[in-house]
S.K.: 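Handing you this structure, nothing more for now.
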Amino acid sequence: MSDREFGGADELSLPKATVQKIVAEILASPDSESSVAFGKDARDLLIDCCVEFITLISSEANEISERESKKTIAPEHIDKALRELGFPEYVREVLASAGDMKESLKTREKKTSKMDSSGLTQEELLQQQQELFRSATTKYTQGS
């Protein structure tokens, strides 16, 4: 799959502020001995490289999933894509990150709907809804 199938590379990007923040954290890390500035042109080039890398990996993972007659790209397809494209050193970190994300999704608070948080039964809510419809209908017919 090429960029053109996704509508062109011009439409694909990463948030500049996020990339800038990541770079700033890396440059300010204790391992970094010098204070180096990161120019806007360098940031934009880095974004282009990241988009290209993501496109490359996702295209390869898509081909792998299609070969396996799967309709969803799974972490193991990303694993295989990284290995087949010559990036085996990234596999462990990527899978660890995927595991962390999966865990954080499990522990994340579930959103409650307005219906659940209203404290009313479905019958009471239905009754309120019908009353609102009646009221709206009356206002509409009187206004015409």
Side-chain angles (χ1 to χ4, degrees), residues 1-122 124-137 139-140 143-144:
M1 258 185 214
S2 71
D3 294 0
R4 288 178 223 102
E5 292 181 47
F6 294 110
D10 292 340
E11 295 178 23
L12 300 174
S13 189
L14 295 171
K16 290 180 181 181
T18 303
V19 173
Q20 189 69 41
K21 183 178 177 186
I22 292 169
V23 170
E25 286 178 14
I26 291 170
L27 293 178
S29 72
D31 299 339
S32 177
E33 295 177 15
S34 64
S35 58
V36 178
F38 198 75
K40 290 180 182 178
D41 291 345
R43 180 200 57 209
D44 293 343
L45 179 60
L46 179 62
I47 289 172
D48 290 344
C49 291
C50 291
V51 168
E52 187 64 32
F53 184 72
I54 292 167
T55 302
L56 177 70
I57 300 301
S58 60
S59 294
E60 185 68 22
N62 184 52
E63 289 177 19
I64 292 167
S65 68
E66 286 176 352
R67 281 196 307 257
E68 295 178 3
S69 301
K70 303 288 184 182
K71 294 189 184 263
T72 302
I73 296 173
E76 49 273 9
H77 299 128
I78 302 295
D79 177 338
K80 287 180 185 175
L82 287 167
R83 291 178 193 280
E84 288 181 16
L85 292 169
F87 301 105
E89 64 275 13
Y90 292 112
V91 171
R92 187 175 52 185
E93 187 68 30
V94 166
L95 294 179
S97 181
D100 292 346
M101 178 59 73
K102 198 172 187 177
E103 283 302 311
S104 72
L105 289 174
K106 284 181 187 176
T107 59
R108 189 177 71 183
E109 287 185 34
K110 298 210 187 307
K111 292 183 180 179
T112 58
S113 69
K114 288 183 180 180
M115 190 175 96
D116 293 338
S117 62
S118 73
L120 301 172
T121 66
Q122 277 198 299
E124 292 169 325
L125 289 168
L126 182 60
Q127 191 176 16
Q128 280 185 358
Q129 182 184 39
Q130 289 170 341
E131 180 55 40
L132 288 168
F133 283 145
R134 277 192 292 277
S135 172
T137 303
K139 284 181 183 178
Y140 178 75
S144 300

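Throughout, numbering of the chain's residues begins at 1 and tracks the sequence.
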S.K.: Lys21 vs Glu25, test: side chain to side chain contact (heavy atoms under 4.5 Å, CB included). Steps then yes/no.
M.R.: CA-CA 6 Å; Lys21 183 178 177 186; Glu25 286 178 14; 3.4 Å; yes
S.K.: Count the heavy atoms of every other residue, nucleotide or ligand shown that sit under 6.0 Å from CD of Gln122, and state whether that count exceeds 12.
M.R.: no
S.K.: Look up atom NZ in Lys102 and atom OG in Ser97, then write down how far apart they are to the nearest 0.5 Å.
M.R.: 13.5 Å
S.K.: Working to the nearest 0.5 angstrom, can you tell me the gap between Arg134 CZ and Gln129 CD?
M.R.: 10.5 Å
S.K.: Does Thr55 reach the main-chain N or O of Val51 with its side chain, forming a donor-acceptor pair under 3.5 Å?
M.R.: yes
S.K.: Do Phe87 and Ile57 have side-chain heavy atoms sitting under 4.5 Å apart?
M.R.: yes
S.K.: Under a 3.5 Å distance rule, please check whether Ser65 uses its side chain to pair with a backbone N or O of Asn62 as donor and acceptor.
M.R.: yes
S.K.: To the nearest 0.5 Å, how far apart are OH in Tyr90 and CG in Leu85?
M.R.: 12.0 Å
S.K.: Which atom names give the shortest non-hydrogen contact between Met101 and Ser104, and what distance separates them?
M.R.: O-OG, 2.9 Å
S.K.: Quick one: side-chain hydrogen bond (donor to acceptor under 3.5 Å, both in side chains) partners of Glu103, sequence neighbours excluded?
M.R.: Lys106
S.K.: Between Lys70 and Ile64, is any pair of side-chain heavy atoms under 4.5 Å apart?
M.R.: no
S.K.: Side-chain donor-acceptor pairs under 3.5 Å in residues 73-81, sequence neighbours left out?
M.R.:
unit_1, atom_1, unit_2, atom_2, d
His77, ND1, Ala74, N, 2.8
His77, NE2, Glu68, OE1, 2.9
Asp79, OD1, Arg83, NE, 2.5
Lys80, NZ, Glu68, OE2, 2.4

S.K.: Could you measure the distance from the CD atom of Glu60 to the CG atom of Leu82? Nearest 0.5 Å is fine.
M.R.: 9.5 Å
S.K.: Do Val19 and Cys50 have side chains that get closer than 4.5 Å, going by heavy atoms?
M.R.: no
S.K.: Looking at residues at least two apart in the chain, or sitting in another chain, which of them share a side-chain hydrogen bond (donor to acceptor under 3.5 Å, both in side chains) with Arg92?
M.R.: none
S.K.: Hey, are the side chains of Gln128 and Leu120 touching, using non-hydrogen atoms and a 4.5 Å cut-off?
M.R.: yes
S.K.: Does the side chain of Phe38 reach to within under 4.5 Å of the side chain of Leu46, using non-hydrogen atoms?
M.R.: yes
S.K.: Measuring from Leu27:CG to Ile22:CD1, what's the distance to the nearest 0.5 Å?
M.R.: 12.0 Å
S.K.: Counting only heavy atoms not in Glu93, do more than 12 fall under 6.0 Å of its CD?
M.R.: no
S.K.: So which heavy atom on Ile47 is nearest to which on Leu14, and how close?
M.R.: CG2-N, 3.8 Å
S.K.: Rounded to the nearest 0.5 Å, what separation is found between the CD1 atom of Ile54 and the SG atom of Cys49?
M.R.: 11.5 Å
